[in-house]
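These notes are about the structure you will find just below.
Note that these values count all heavy atoms, side chains included, but never hydrogens, waters or copies made by symmetry. Reminder, nothing fancy here: chain letters follow the sequence lines and each chain counts from 1. Keep in mind the model is a prediction, meaning the values are calculated, not measured.
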Amino acid sequence: MTRTSTWQQILDPSHRADPYPLYTELRKTPVVRVEDGTYVVSTYREIVSLLHDPRLSSDARNLPEVGADVAAQYEEGLPGLPPNFIRTDPPEHDRLRRLLTRNFGPPHRPERIDGMMSDLLGIVTRLIDDFTGEDGSGTVRVDIVDDFAYPFPVTVICELLGVPREDEPRFQVMSGAVIETADPTTGGIVERQRRRAKAVADLGQYFAQLLDARHGRRGDDLLSGLLSGDSDEAPMSREEILSNAALLLVAGHETTVNLVTNGMLTLLRHPEVLDRLRRGDEPDLAAHVVEELLRYEPPVQFLSSGRNTLDDIEIAGTTIPKGSPVALVLASGSRDPGFVTDPDRFDPDREHNEHLGFGGGIHYCFGAPLARPETQIALTQLAHRLKNPRLVADPPPYRTSPSLRGPRHLLIEIDGVDPA
Amino acid sequence: MKVVVDLTRCQGYAQCAFAAPDVFVIQGDEALLYDTEPDDAQREKIVRAAAACPVQAIFLDRDDTRDDTRIQEPAPETHVAAPGPGEAFKRTGRIVIVGASLAGLRAGRTLRQEGFTGSLTVIGDEPHAPYDRPPLSKQVLMGQVPARRTGLPRRDELDAHWRFGVAATGLDLSGKQVLLADGEKVEFDRLLIATGVRARPWPNEAEAALDGLFALRTPEDAEGLRQRLAAGPGRVLVIGAGFTGCEVASACRELDLRVTVLERGPAPLAGALGAVIGGVAAQMQRDNGVDLRCGVRVESLEGDDSGRLRRARLSDGSTLDVEVAVAALGSIRNVEWLEGSGLAAGAWGVACDAGCRAVDVNGLVTDDVFVAGDVARCPHPVYDYQYLALEHWGNAVAQAGIAAHNMISTQSERWPHLALPEFWSTQFGTEIKSVGVPTHADHVVIAQGSVAERRFVAVYGYRGRITAAVAFNQAKWLEFYAGLIDRAAPFPPSFRTVDRPTDGHPVAAEVPERPTPQATVVVTGHGPSERRATLVRRTYL
């Protein structure tokens with residue numbers, strides 16, 4: 001087995017259920033150049049180092065072939081939307097993220113997420129109530145994905161952004177198209193960038209209609225906040241708002257679904273932890289379960305979209321030449337035995353869990369402060385209320401994406417639901 | 001419950017402030033201020049905040065089910081063999097730590113974590129259990145945290161004999177005894193000196209006694225000053241614009257008090273960061289409404305008949321009417337108790353080797369006496385083997401850990417203290433972080449970001465290699481520059497990065513010429529077996 005073929009196998013959907021042995025293989029060469037010219041980095045220290053390395057750009061337009069194509073598209077009159085903040089570098093990145101944070105968290109709205117806790121619990125409670133009939137008894141089959149882990153974060157992100165929940169069928173298709181472009185097996189980097197620009201533009205179009213339909217009415221949602229410009233710096237342009245709103249909608253419901261689902265699957269595979277969570281006598285447990293999940297079964301397996309080197313970077317004995325695309329395999333780094341003891345064991349009691357589940361550096365996951373309580377509440381409530389939950393199939397069927405990895409369905413059987 | 005955040009590790013991700021917004025507060029982009037002893041009702045949120053910290057920098061007290069072993073270095077590979085003399089010492093030895101603050105506490109914990117089961121005595125001259133000082137010039141002055149509620153988490157588990165409120169007054173090296181102010185003698189097999197520093201007092205004794213003049217080092221200092229600030233004085237005078245002075249000025253502005261800062265040097269923070277970056281700090285102060293006057297000294301302080309501070313006469317001939325003044329004049333190392341002990345202890349601190357073993361007056365390394373924290377001065381290979389005395393929180397933690405490890409290790413298992421110096425300061429909603437030694441520099445260049453927006457990384461160089469980096473609100477990049485210092489990378493950095501300023505040319509760093517503290521030593525004797533040094537004059541001030 002050659003090294004390059006290890007990466008191909010990781011990308012191959014047939015290995016989606018358990019890529020971890022392949023990561024072990026991959027880590028034998030911490031930095032490896034794969035077929036499409038991407039440098040794949042798989043060890044903890046090297047990933048952390050690159051996450052903090054200012055020679056690594058997140059703006060794909062710095063790649064010569066992408067930059068040329070963007071210019072060509074512009075010539076063709078198809079400039080599309082400006083890149084969202086995770087695909088930009090400072091100072092642009094810092095400005096956009098600061099404006100987004102203004103309506104999301106500290107320093108300006110520190111209580112916002114904390115204030116959502118009872119709403120989150122309410123949504124989770126209703127979804128679990130609906131698993132069974134009125135009396136909550138009888139053996140039923142539930143799809144944790146379609147019946148729970150997908151609708152929950154979608155409802156939350158819609159409320160937060162100010163998007164009508166009933167539009168979900170519309171934007172789900174567009175969002176799926178965006179997600180697909182993150183999968184390296186679906187095409188070359190330039191082709192995927194083009195496809196992505198089109199998909200984002202569609203989603204942006206949806207948001208444009210949404211804004212127009214509001215006729216300037218403002219609420220407490222993020223979109224309203226972005227428009228209002230109550231800041232000491234200029235608000236985002238309309239195009240920037242459309243681009244970043246599209247990102248938040250996609251990220252807000254394509255990632256948490258996998259974290260929650262991976263979490264339930266992992267708990268069902270580790271019944272002793274599920275039992276502890278069900279007993280409820282360890283108030284700190286849920287937080288540590290979620291952090292360990294982010295290490296052990298993270299929803300984002302690797303970061304690849306557009307990261308590239310602005311200069312030669314020498315790392316782990318390899319020189320990544322200037323202008324190379326770089327993929328950081330977070331899920332592999334978090335299981336690197338060079339940094340984590342007993343990495344393949346799911347252990348919520350692990351001390352000092354400095355995982356890479358949400359990345360690191362300036363692009364650290366924007367939605368992390370929301371995804372954490374969402375998952376803590378979701379898993380705690382599932383553990384508390386489901387009677388005798390058991391897997392129907394193990395492994396479950398997976399989505400195709402190797403980077404945003406999670407089950408497509410997670411069928412379980414339960415003997416009823418306890419009241420909330 | 002008690003909370004302490006290792007702000008050397010913190011990179012301003014703000015995850016704690018999302019999870020427990022009543023306890024952790026972010027100012028500006030990434031400056032974190034937190035409640036050091038929050039209500040137990042917040043416990044669940046605080047535990048979530050600590051779990052969520054991406055760099056695991058939040059530590060809670062023993063009620064928490066989690067431990068913070070991360071401060072501890074990975075245990076050395078131990079070979080299972082017949083217990084040697086080292087093993088016997090680990091089981092039944094007697095260790096005395098003089099100094100019951102951050103370094104002393106950390107050392108004690110490391111000793112226990114690494115399996116020391118012998119007797120442990122910790123001696124501290126203050127009446128308090130170990131407490132954390134950084135909040136005293138920030139949260140405490142702003143009235144967010146009571147001065148006596150900055151206790152460091154978890155001391156009970158140490159199984160130590162604590163002697164609070166009694167100072168060590170002497171050291172008998174040959175008799176292996178520490179002498180205490182109450183006349184007691186405490187015997188030791190191994191000793192750790194961690195007596196730290198104290199605030200440099202106002203030099204004129206009569207003026208120093210004026211009511212309204214404060215130093216800032218202890219909880220008593222902070223409480224007294226806080227009360228005066230809370231009473232809303234017409235103006236506060238801060239004398240000295242080092243980190244403490246700047247943070248006091250920041251707290252005053254936070255409280256909407258008028259504040260004048262006098263700095264006899266060219267700029268605030270110039271002593272630590274050089275006058276170029278000090279100039280940025282100066283602009284930051286002025287933008288925040290501080291009346292900053294550089295190149296000016298206080299000639300005298302004047303009081304009224306009841307001994308209350310009323311006026312300051314300045315070296316530029318002007319006067320200022322003030323009721324409250326803070327003398328932020330730097331520090332003095334607590335070494336008087338070591339006079340005559342035979343150790344190389346003086347105004348410069350207590351010299352030790354990179355393994356924290358104390359050096360005696362002849363320059364010989366001792367075997368059983370170790371030094372850590374603010375009072376220690378040890379050679380750093382990265383800085384031309386110069387002896388560095390570092391009054392940094394992170395250094396106290398790291399050096400105490402190394403010292404403790406070495407105290408219970410055999411020669412071949414001992415570690416050198418080679419951590420790069422790091423420190424931070426939170427002022428005017430800006431997080432200033434430094435790695436390396438910015439004063440070990442001839443040039444400085446803005447490598448990333450914007451000085452005008454006060455989010456930038458400045459890189460310092462000495463004779464063509466990178467020796468330090470200072471970030472204003474850009475903490476997430478700093479570990480990259482630490483790596484460059486470790487690798488002795490060439491200065492100025494020539495590679496392309498994100499956010500590279502267009503006008504990034506190196507300029508002279510303008511770091512202060514610092515005279516080496518004078519030690520007067522007389523050497524006597526002729527042959528190699530006779531030559532001995534003696535310290536003949538104390539120069540503590």
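A salt bridge links Arg9(B) with Glu354(A): at least one charged nitrogen is closer than 4.0 Å to a carboxylate oxygen.
Proximity to chain B (any heavy atom under 4.5 Å) is shown, for Leu294(A), by neither the backbone nor the side chain. If you measure heavy-atom distances from Phe358(A) to chain B, you find no contacts under 4.5 Å at all. Proximity to chain B (any heavy atom under 4.5 Å) is shown, for Val48(A), by both the backbone and the side chain. When heavy atoms are compared at a cutoff of 4.5 Å, Glu30(B) does not approach chain A at all. Neither the backbone nor the side chain of Asp312(A) comes within contact range of chain B, judged by heavy atoms closer than 4.5 Å. In this structure, chain B has no heavy atom under 4.5 Å from any part of Glu92(A). Using a 4.5 Å cut-off between heavy atoms, Asn62(A) touches chain B through its side chain atoms alone. Contact annotation for Glu291(A): only side-chain heavy atoms (C-beta onward) come within less than 4.5 Å of a heavy atom of chain B.
In this structure, Val290(A) and Arg48(B) have side chains that are not in contact, with every pair of non-hydrogen atoms separated by 4.5 Å or more. Side-chain contact between Val47(B) and His288(A): present, with at least one pair of heavy atoms (C-beta onward) separated by less than 4.5 Å.
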Checking side chain to side chain contact (heavy atoms under 4.5 Å, CB included) for the pair Lys476(B)/Leu51(A): CA distance, chi angles, key distance, verdict?
CA-CA 9 Å; Lys476(B) 294 178 185 72; Leu51(A) 286 170; over 6 Å; no

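Here the shortest heavy-atom pairing between Pro107(A) and Ile26(B) reads CB-O, 3.4 Å. Taking both residues in full, the closest heavy atoms of Ser57(A) and Val498(B) are given as CA-CG1, 4.1 Å, listed atom of the first, atom of the second, then distance. Contact detail for Pro54(A) and Tyr481(B): the closest heavy-atom pair is CG-OH, 3.9 Å. Among all heavy-atom pairs drawn from His52(A) and Trp477(B), the shortest one is O-CE3, 3.3 Å. The two atoms that bring Arg55(A) and Arg496(B) nearest to each other are CG-O, 3.4 Å, heavy atoms only. Here the shortest heavy-atom pairing between Tyr364(A) and Ala52(B) reads OH-O, 4.2 Å.
Here the side chain of Tyr13(B) pairs no donor or acceptor atom with the backbone of Ile362(A) at under 3.5 angstrom.
The most heavy-atom pairs under 4.5 Å with chain A, out of Lys45(B), Gln27(B), Glu453(B), come from Lys45(B). Residue with the most contacts toward chain B among His108(A), His93(A), Arg372(A): Arg372(A) (heavy-atom pairs, distance under 4.5 Å). Of the listed residues (Pro90(A), Ser58(A), Ser49(A), Ala287(A)), the one with the most heavy-atom contacts under 4.5 Å to chain B is Pro90(A). Note on Gly28(B), Ala20(B), Ala14(B), Ala50(B): by heavy-atom pairs under 4.5 Å with chain A, the leading option is Gly28(B).
Within 6.0 Å of the CZ atom in Arg45(A), the count of heavy atoms belonging to other residues, nucleotides or ligands does not exceed 12.
For the atom pair CZ of Arg500(B) and CG of Asp89(A), the computed distance is 14.0 Å after rounding to the nearest 0.5 Å. One distance of note links CZ of Arg98(A) with CZ of Arg455(B); it measures 6.5 Å at 0.5 Å rounding. One finds the CZ atom of Phe495(B) at 7.5 Å from the CG atom of Asp53(A) (value rounded to the nearest 0.5 Å).
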